[in-house]
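To start, the structure itself, in structure tokens.
The structure presented is a predicted model; accordingly, all values stated were derived computationally and were not measured.
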Amino acid sequence: MSTLSYVVTAAAIDPDCVAERLDTLCGMLSLERYPFASERTLQDAIETTFTRFGLVFSRERRLSPEDIVDFFVPVLLPTDAAPPHGIAVEVKVSGSRRDVYRQCERYCLHPDVCGLVLATVRPGALPPMIAGKPTRIVDLGRAWL
């Protein structure tokens with residue numbers, strides 16, 4: 001008797017589902033005026049927003065011994081058959097553009113990350129794809145204009 005087994009990878013998840021989830025997260029984040037006193041204060045406020053919307057997420061998700069993303073929002077909820085795959089949400093109030101990009105790139109290289117949202121108070125840009133994963137950027141400062 002043979003057993004068929006397979007591994008679900010982030011690449012196997014429907015790209016339209018990922019894009020919709022990315023856009024929903026960006027919409028949620030764009031609705032609020034957040035405090036920028038520190039990255040921790042900003043993360044706490046974002047956690048409050050996600051909780052208010054009833055979003056399933058984890059905070060400070062360890063992707064590897066070196067990489068911990070601020071928030072991880074599953075696209076597929078974990079079951080016995082599939083590990084969780086989802087959107088990495090990274091929050092930044094400071095840091096060089098190069099360092100922020102490298103951090104986002106490291107996250108996108110993880111197999112359980114199928115997309116990334118960078119929530120930042122500094123206007124900037126990300127390429128639409130990093131390591132084959134779709135990305136979005138939310139300028140949190142725009143809500144104050």
Between the side chain of [X] and the main-chain N/O of [Y], is any donor-acceptor distance below 3.5 Å?
X      : Y      : result
Lys92  : Val100 : no
Arg61  : Val73  : no
Ser30  : Val138 : no
Tyr107 : Gly115 : no
Arg102 : Glu105 : no

- Beyond-backbone contact of Phe57 with Thr51, side-chain heavy atoms, under 4.5 angstrom: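 When only atoms from C-beta onward are counted, Thr51 and Phe57 do touch, with a gap below 4.5 Å.
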Inter-residue atom distance [X].[atom1] - [Y].[atom2], 0.5 Å rounding:
X     : Y     : atom1 : atom2 : result
Phe71 : Glu60 : CZ    : CD    : 7.5 Å
Asp70 : Gln43 : CG    : CD    : 4.0 Å
Leu31 : Phe53 : CG    : CZ    : 5.0 Å

Exercise. Sort out for me which residue in Leu116, Leu63, Val89 forms a side chain to side chain contact (heavy atoms under 4.5 Å, CB included) with Val69.
Key: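 Looking at Leu116, Leu63, Val89, the match for Val69 under the side chain to side chain contact (heavy atoms under 4.5 Å, CB included) is Leu63.
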Enumerate the salt bridge (Lys or Arg N to Asp or Glu O under 4.0 Å) contacts for residues 121-132, please, sequence neighbours excluded, ordered by first and then second residue.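 The answer is none; no pair qualifies.
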* To do: Starting from the C-alpha separation in whole Å, work towards a yes-or-no answer on side-chain contact (heavy atoms from CB on, under 4.5 Å) for Asp44 and Arg59.
  => CA-CA 10 Å; Asp44 290 345; Arg59 185 161 172 186; 2.9 Å; yes
Open item on the list: Ignoring hydrogens, what is the shortest heavy-atom contact between Met28 and Phe50? Give both atom names and the distance.
Closed with: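 Looking at all heavy atoms of both residues, the shortest contact is SD-CD2, 4.2 Å.
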**Asked** For atom CZ of Arg52, is the number of surrounding heavy atoms from other residues, nucleotides or ligands below 6.0 Å larger than 12?
**Response**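 Yes, enclosed.
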Can you list everything that forms a side chain to side chain contact (heavy atoms under 4.5 Å, CB included) with Asp23? Sequence neighbours excluded, please.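 Applying side chain to side chain contact (heavy atoms under 4.5 Å, CB included) to Asp23 gives Arg136.
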